[in-house]
Amino acid sequence: VLKYFSFKNDIEITLEANPDDLDKNFLKGLSDSLVNRLSIGTQSFFDEDLKLMNRAHNASEAESSIKRAQDFGFENLSIDLIYGSPTSNLEIWKENLNKTVSSKLLANSCII
């Protein structure tokens with residue numbers, strides 16, 4: 001794209017990824033690229049929810065992928081969370097939000 005179009009220097013280039021894709025090698029490559037924002041498809045921090053959604057990652061991988069991305073210098077992060085699955089309830093939703101806050105994501109992004 002950069003070959004044919006010009007952009008401002010502060011353009012946001014976002015990559016959407018699943019937690020299980022964000023290993024150290026992949027993140028190293030991304031940190032050397034023009035990608036400056038990651039949107040991580042976390043969906044939930046609870047294994048039961050993730051199994052119901054047929055996700056490839058588990059709750060531990062969901063949390064560690066965020067930390068790894070931050071360790072590789074990604075500060076502009078967002079995650080996707082799903083509310084209302086049959087395996088979830090208000091307490092689980094609150095815990096998902098608490099884990100998001102503890103990951104320091106709310107300072108950098110909007111979670112809907």
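Given the structure is predicted, the values throughout are model-derived calculations rather than measurements.
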Minimum side-chain heavy-atom gap Val35-Phe74 below 4.5 Å
yes

Fill in: Side-chain donor/acceptor of Asp23 to backbone N/O of Asn25, under 3.5 Å
yes

Are the side chain of Asp49 and the backbone of Tyr83 linked by a donor-acceptor contact shorter than 3.5 Å? no

By ring pair (Phe, Tyr, Trp, His ring centres under 6.0 Å), Phe26 pairs with (sequence neighbours left out) none

So CG of Asn36 and CD1 of Ile11: to nearest 0.5 Å the spacing works out to 8.5 Å

Inset, instruction - Side-chain contact test, heavy atoms from C-beta onward, threshold under 4.5 Å: evaluate it for Arg68 versus Lys24 and give yes or no. - result: yes

Sorted by chain and residue number, the side chain to side chain donor-acceptor pair (under 3.5 Å) partners of Ser60 (sequence neighbours excluded) come out as none

Of all heavy-atom pairs linking Leu77 and Ala69, the shortest is CD2-CB, 4.0 Å

Distance col, row Ile82:CD1 vs Asn96:CG, nearest 0.5 angstrom, shows 10.0 Å

(message) Under a 3.5 Å threshold, yes or no: a donor from one side chain and an acceptor from the other, between Ser78 and Arg37?
(response) yes

Shortest non-hydrogen pair, Glu61 vs Pro19, comes out as O-CB, 3.9 Å

Is the shortest distance from a Lys or Arg side-chain nitrogen in Lys51 or Glu48 to a carboxylate oxygen in the other one below 4.0 Å? no

**Prompt:** Mind checking whether Glu63 and Lys67 have side chains closer than 4.5 Å, heavy atoms only?
**Reply:** no

Taking every heavy atom of His57 against every heavy atom of Gly41, the minimum-distance pair comes out as CE1-O, 3.5 Å

> Got a sec: does the CD1 of Ile13 have more than 12 other heavy atoms crowding it under 6.0 Å?
Replying inline: yes

Is the closest side-chain heavy-atom distance between Thr100 and Ile79 below 4.5 Å?
yes

- Is Met53 reachable from Trp93 through a run of I, L, V, M, F, W or Y residues, each pair having side-chain heavy atoms under 4.5 Å apart? no

Ser88 side chain near Phe46 side chain, heavy-atom distance below 4.5 Å
no

Item to complete: Assess whether side chain to side chain contact (heavy atoms under 4.5 Å, CB included) is satisfied between Leu97 and Lys94, documenting all intermediate values.
Response: CA-CA 5 Å; Leu97 294 177; Lys94 287 179 185 177; 5.7 Å; no

Distance col, row Ile40:CD1 vs Asp21:CG, nearest 0.5 angstrom, shows 10.5 Å

Those residues at least two apart in sequence (or on a different chain) that pass side chain to side chain donor-acceptor pair (under 3.5 Å) with Gln43 are none

Asn58 (side chain) donor-acceptor with Asp47 (main chain) under 3.5 angstrom: no

To the nearest 0.5 Å, atom OG1 of Thr87 lies from atom CG of Leu52 at 5.0 Å

Rounded to the nearest 0.5 Å, the CG atom of Asp80 sits from the CD atom of Glu16 at a distance of 6.5 Å

Exercise. Same cluster or not: are Leu50 and Ile92 linked, directly or through other Ile, Leu, Val, Met, Phe, Trp or Tyr residues, by side-chain heavy atoms under 4.5 angstrom apart?
Worked result: no

> So if you build clusters from Ile, Leu, Val, Met, Phe, Trp, Tyr with side-chain heavy-atom gaps below 4.5 Å, do Leu30 and Val1 land together?
Replying inline: yes

Side chains of Thr42 and Ile66, heavy atoms from C-beta outward: is any pair under 4.5 Å? yes

For this session: Could you check Asp32 against Lys28 for salt bridge (Lys or Arg N to Asp or Glu O under 4.0 Å), going step by step and ending with a plain yes or no?
Result: CA-CA 6 Å; Asp32 294 334; Lys28 172 65 176 135; 3.1 Å; yes

